[in-house]
Amino acid sequence: MQLKFIAPGYIDTDKCKIARSICEAVEELISLPKDLTIEFSTMPNNVYGDSTLDNKSNKYIRLNSQLGVNDLMIPLVHELIHINQMHEGNLMITHDGIFIWDTVPYEVNLKDIHYKDYQMLPWEADVRHRQPKVLQELLKSYK
């Protein structure tokens, strides 16, 4: 996997090393694209990360730059599962912000949706279902 890291100003090499290690271990468990960009960026305190496609349909993860090295694993694994959903064609995000899950379009206003309702969206439910097993396998690989 080719990883590209972006950060405004200073890039924390320790965060990049940890993120690379996590990505490589998760790639052994689920299918991921060969190229992935991870950006550490300023985000609201209650947002840990997100994943999307850039304007060339490349897979792209943003992580909150305030996350410490010890806080990266859970949000990064969460976003990697979303990347897997996109990579396998289960989740698509159109350039006008429409989410398509298994061919069903969802118009979601991310600024107005209540967190509880957001968690009920099918791609989030899929992550909630899959994440514990991926984390369990990931932690086994570090023993």
Side-chain angles (χ1 to χ4, degrees), residues 1-111 113 115 117-143:
M1 168 187 299
Q2 295 282 62
L3 289 173
K4 178 181 177 184
F5 292 98
I6 301 172
Y10 168 76
I11 292 185
D12 185 330
T13 56
D14 289 337
K15 284 184 185 179
C16 294
K17 286 179 188 175
I18 296 295
R20 180 177 302 282
S21 175
I22 292 168
C23 288
E24 289 171 353
V26 170
E27 186 180 32
E28 297 294 319
L29 303 170
I30 61 176
S31 175
L32 295 172
K34 69 179 182 91
D35 296 310
L36 178 63
T37 299
I38 297 176
E39 177 182 1
F40 294 99
S41 63
T42 303
M43 303 175 95
N45 289 337
N46 63 335
V47 177
Y48 299 104
D50 62 25
S51 47
T52 190
L53 305 171
D54 70 10
N55 58 6
K56 296 177 185 163
S57 295
N58 295 315
K59 279 47 171 209
Y60 193 88
I61 290 175
R62 289 186 323 142
L63 294 172
N64 191 322
S65 59
Q66 298 301 309
L67 292 172
V69 170
N70 294 329
D71 303 320
L72 289 176
M73 184 178 291
I74 291 173
L76 180 53
V77 168
H78 180 101
E79 298 309 328
L80 287 169
I81 294 171
H82 283 313
I83 293 295
N84 167 261
Q85 293 168 335
M86 287 183 244
H87 183 64
E88 292 188 344
N90 297 317
L91 175 63
M92 294 173 26
I93 305 167
T94 67
H95 294 292
D96 54 353
I98 307 251
F99 293 78
I100 301 171
W101 176 255
D102 285 339
T103 72
V104 178
Y106 292 80
E107 289 190 46
V108 179
N109 184 336
L110 295 176
K111 294 181 181 184
I113 191 168
Y115 180 75
D117 294 331
Y118 182 76
Q119 289 299 306
M120 298 308 293
L121 293 168
W123 54 92
E124 291 298 330
D126 181 59
V127 170
R128 257 193 338 278
H129 174 76
R130 295 169 59 197
Q131 187 170 2
K133 182 169 174 56
V134 172
L135 285 168
Q136 182 180 31
E137 292 300 317
L138 181 61
L139 290 172
K140 280 183 194 175
S141 74
Y142 284 108
K143 287 184 179 182

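Counting from 1, the numbers follow the sequence of the chain as shown. This structure is a prediction, so every number in the text was calculated from the model and none was measured.
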Worksheet entry | Qualifying side chain to side chain donor-acceptor pair (under 3.5 Å) pairs with a residue from residues 17-38, counting only residues at least two apart or across chains | S21-Y142, S31-H87

Compare all side-chain heavy atoms of [X] with those of [Y] and state whether any distance is below 4.5 angstrom.
X: C23; Y: I38; result: yes
X: P75; Y: N64; result: no
X: L80; Y: L36; result: yes
X: W101; Y: D126; result: yes
X: F40; Y: I11; result: no
X: F5; Y: L3; result: yes
X: I113; Y: L121; result: yes

Do [X] side-chain atoms and [Y] backbone N/O form a donor-acceptor pair below 3.5 Å?
X: K59; Y: L32; result: no
X: K15; Y: L67; result: yes
X: R128; Y: Q119; result: yes

Worksheet item: Do H82 and E79 meet the criterion of a side-chain donor-acceptor pair at a distance under 3.5 Å?
Response: no

Worksheet item: CD1 of I74 to OH of Y48: how many Å apart, nearest 0.5 Å?
Response: 10.0 Å

Discussion item. Apply side chain to side chain contact (heavy atoms under 4.5 Å, CB included) to residues D12 and D14 and explain how you reach the verdict.
Written reply: CA-CA 5 Å; D12 185 330; D14 289 337; 3.3 Å; yes

Discussion item. Between N90 and W123, does the side chain to side chain contact (heavy atoms under 4.5 Å, CB included) criterion hold? Intermediate values first, please.
Written reply: CA-CA 8 Å; N90 297 317; W123 54 92; over 6 Å; no

Worksheet item: Is it the case that more than 12 heavy atoms not belonging to M1 sit under 6.0 Å from its CE atom?
Response: yes

Discussion item. Once side chain to side chain donor-acceptor pair (under 3.5 Å) is applied, do any residues pair with Y118, and if so which ones, sequence neighbours excluded?
Written reply: E124

